[in-house]
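Atom set for the values below is all heavy atoms of this structure, side chains included, hydrogens, waters and symmetry mates excluded. Sequence lines set the chain letters: A, B, ... in the order given, protein chains first and strands last, and positions in each chain run from 1.
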2 protein chains.
Amino acid sequence: MVQSPVLRSPVTASDRLLLEIQRAIVEGDIPAGSKISEPELARRFQVSRAPLREALARLERCHLIERLPNVGARVVTLSVAGLLSLYQLREELEGLACRLAAAHMDDQEIDELKQLLEKHLSTQRVRDGESYYQEEGDLDFHYRVILGSKNSYLINILCDELYFLVRMYRVQLGMNGPRVSRAFDEHKAILNAIANRDGELADLLMRRHISASRHNIELQLKQMGT
Amino acid sequence: MVQSPVLRSPVTASDRLLLEIQRAIVEGDIPAGSKISEPELARRFQVSRAPLREALARLERCHLIERLPNVGARVVTLSVAGLLSLYQLREELEGLACRLAAAHMDDQEIDELKQLLEKHLSTQRVRDGESYYQEEGDLDFHYRVILGSKNSYLINILCDELYFLVRMYRVQLGMNGPRVSRAFDEHKAILNAIANRDGELADLLMRRHISASRHNIELQLKQMGT
DNA sequence: ATAAGGCCTTTTGTCGACAATCTGCTTGTT
DNA sequence: AACAAGCAGATTGTCGACAAAAGGCCTTAT
């Protein structure tokens, strides 16, 4: 089984490029919707175009850029329609992941996940309402559950192909509302269901959790619009 | 909205390569599990390694090959576990696609799909039990429904990333049983549900349809094993 | 004034060669 | 005889340059 591209440490130049450009796009350092100039990026990162193009191919794979033949690449634009499509998928896929995780995670993995949540709780109390938790911690929990499904295709789609786009929406729309503590409780409920081997319940709770998260971002979007 | 890589006619050398190698792998012309030699393929298709590597990157994207840094690419191996994972996902995703299609397909699209089924029926009657229907026609129906969902991420995952692997399993395990006519009836029932705007029912029927198809292939696999 | 057409510049796609890394074998040692 | 170290061959990753295509700009005709 091949390891996830995002987890393995960068061994090659294009690996390093991928991580750097990924971060730059997610953080908005390279603005959404902007054209990508291969010569410019090659100069900026001090590499030839060969590894750069390899990295661009992988960026396309995680939906951060769009390429047209003989025209070039462009950073994706964020939209309400895109957000809805994305979260629609996440609801379905992460729901499935929960059902599978309840069946396939062993007791040790569940224990480790419990400990992770406890760590989140303390972190959250120390710097309550901090966006760090929302950005990394939340996704970390989801990450673990997805890995627990043991379905390699599901893992690949969620962790490699959609993960960064989700982060991009969150970062660029400034997710830092009061949903943090609520999200934590929801995580705990989901994990309980998994620990009880109640896949159906975990599925349902995860769908609600993601649905609530989507609502939250939609609100943020409309708030910005007015 | 960027057009599907598999639909657009090949404009560049790597496009052409992708199609040719895709076919070769799906049909077993390049055997499952075999190592991919870049120099060899480059000679075989009369191109340099640059477009070849571009094509390989896209082949990895649709799960037909697996690459390791500094080691190279290898055609995927087919396994029961892989098949189950794949069909698990399809059930979920194509179920969702049906629900969305019932909501988003317009009357004209539904009419066209009805005509497609009629065409399948006549084709099936003429050369009944032919594998052509099973290979192309069935996937064609699924294809249309997926496109009808209007969810670009869902379309991308199913039509670009999983489609060819599904075909590979079917072709290499020789799907040509008596399921053909039954599958046709199931398609008709699904389409009816969509036409009636009954997304829930379409979802349920599609899940059953795929589940039955999975059972069929599993049977074939076990039959080969004994 | 506007629209069509052709040039020019820039960008993308492809090529062949070089550098870095891995694989398998030989060789030497315990 | 078994195992480790090192070497040779081949393969992958990267580079710089060339070819082909797209987009912009100017000219020209209506």
Side-chain angles (χ1 to χ4, degrees), chain A residues 1-22 24-25 30-31 33-61 63-77, chain B residues 1-22 24-25 30-31 33-61 63-77:
Chain A
M1 190 62 56
V2 54
Q3 203 179 358
S4 174
V6 295
L7 291 179
R8 74 155 182 263
S9 48
V11 297
T12 181
S14 62
D15 287 344
R16 191 175 48 77
L17 272 175
L18 175 66
L19 292 179
E20 294 204 49
I21 303 179
Q22 241 173 11
I25 291 179
I30 301 176
S34 64
K35 174 113 175 53
I36 291 211
S37 162
E38 291 185 7
E40 183 199 323
L41 275 190
R43 276 195 307 275
R44 175 166 164 185
F45 290 105
Q46 297 291 326
V47 289
S48 121
R49 281 176 52 219
L52 175 64
R53 285 172 65 86
E54 174 88 27
L56 290 182
R58 293 200 247 169
L59 284 171
E60 184 182 22
R61 186 170 166 175
H63 304 277
L64 290 183
I65 67 173
E66 288 173 352
R67 298 171 95 188
L68 284 106
N70 286 319
V71 173
R74 183 169 288 277
V75 179
V76 294
T77 58
Chain B
M1 188 67 52
V2 53
Q3 204 180 359
S4 173
V6 296
L7 292 179
R8 73 156 184 262
S9 48
V11 297
T12 181
S14 63
D15 287 345
R16 191 174 48 77
L17 272 175
L18 174 66
L19 292 179
E20 294 203 49
I21 303 178
Q22 240 173 11
I25 291 178
I30 301 176
S34 63
K35 172 114 176 53
I36 292 211
S37 163
E38 292 185 5
E40 184 199 322
L41 275 189
R43 278 195 307 275
R44 177 166 162 185
F45 290 106
Q46 299 290 328
V47 289
S48 124
R49 280 175 54 221
L52 176 64
R53 285 171 65 87
E54 174 88 26
L56 290 182
R58 293 200 246 169
L59 284 171
E60 185 183 22
R61 186 171 167 175
H63 305 276
L64 290 182
I65 68 173
E66 287 171 354
R67 296 170 95 187
L68 286 115
N70 287 317
V71 173
R74 185 171 285 279
V75 179
V76 294
T77 59

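Arg44(A) meets the side chain to side chain donor-acceptor pair (under 3.5 Å) test with no other residue; sequence neighbours excluded.
In this structure, Ile36(A) reaches the sugar-phosphate backbone alone: every heavy-atom distance under 4.0 Å involves primed, P, OP1 or OP2 atoms, never a base.
Of the candidates dG13(C), dT14(D), dA22(D), dA22(D) carries the atom nearest the Val71(A) side chain, counting heavy atoms from C-beta on. Closest approach to the Pro51(A) side chain among dG13(D), dT14(D), dT12(C) is made by dT14(D) (side chain taken as heavy atoms from C-beta onward).
Between Thr12(A) and Glu54(A) the shortest side-chain heavy-atom distance does not fall below 4.5 Å. Taking 4.5 Å as the limit, some side-chain heavy atom of Arg53(A) sits within range of a side-chain heavy atom of Arg67(A).
Residues Ala13(A) and Pro51(A) approach most closely at CB-CB, 4.3 Å, considering heavy atoms.
If you take CG of Asn70(A) and P of dA22(D), they are 5 Å apart, rounded to a whole angstrom. Rounded to whole Å, atom P of dA22(D) lies 11 Å from atom CG of Leu68(A). One atom, NZ of Lys35(A), and another, C1' of dT10(C), lie 10 Å apart when rounded to the nearest Å. Residue Leu52(A) contributes atom CG, which lies 15 Å from atom C1' of dG16(D) at whole-angstrom precision. Rounded to an integer number of Å, the gap from Arg53(B) CZ to dG16(C) C1' is 15 Å. As rounded to whole Å, 15 Å separates atom P of dT14(C) from atom CD of Glu54(A). The CZ atom of Arg67(B) sits 13 Å away from the C1' atom of dT11(D) (whole-angstrom rounding). In this entry the distance linking CD of Glu38(B) with P of dG16(C) reads 15 Å, nearest Å.
Contacts of residues 39-50 of chain A with DNA chain C (heavy atom under 4.0 Å): Pro39(A), Arg49(A).
Panel note: side chain Arg74(A), backbone Gly33(A); a donor-acceptor pair is recorded below 3.5 Å.
Taken from CD in Glu40(B) to NZ in Lys35(B), the straight-line distance is 10.0 Å, to the nearest 0.5 Å.
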What verdict does the side chain to side chain contact (heavy atoms under 4.5 Å, CB included) test give for Leu19(B) and Gln22(B), after you've listed the backbone C-alpha separation in whole Å, the side-chain angles of each residue and the deciding distance to 0.1 Å?
CA-CA 5 Å; Leu19(B) 292 179; Gln22(B) 240 173 11; 3.9 Å; yes

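At the phosphate of dT14(C), OP1 or OP2 sits under 4.0 Å from a side-chain N or O atom of Thr12(B).
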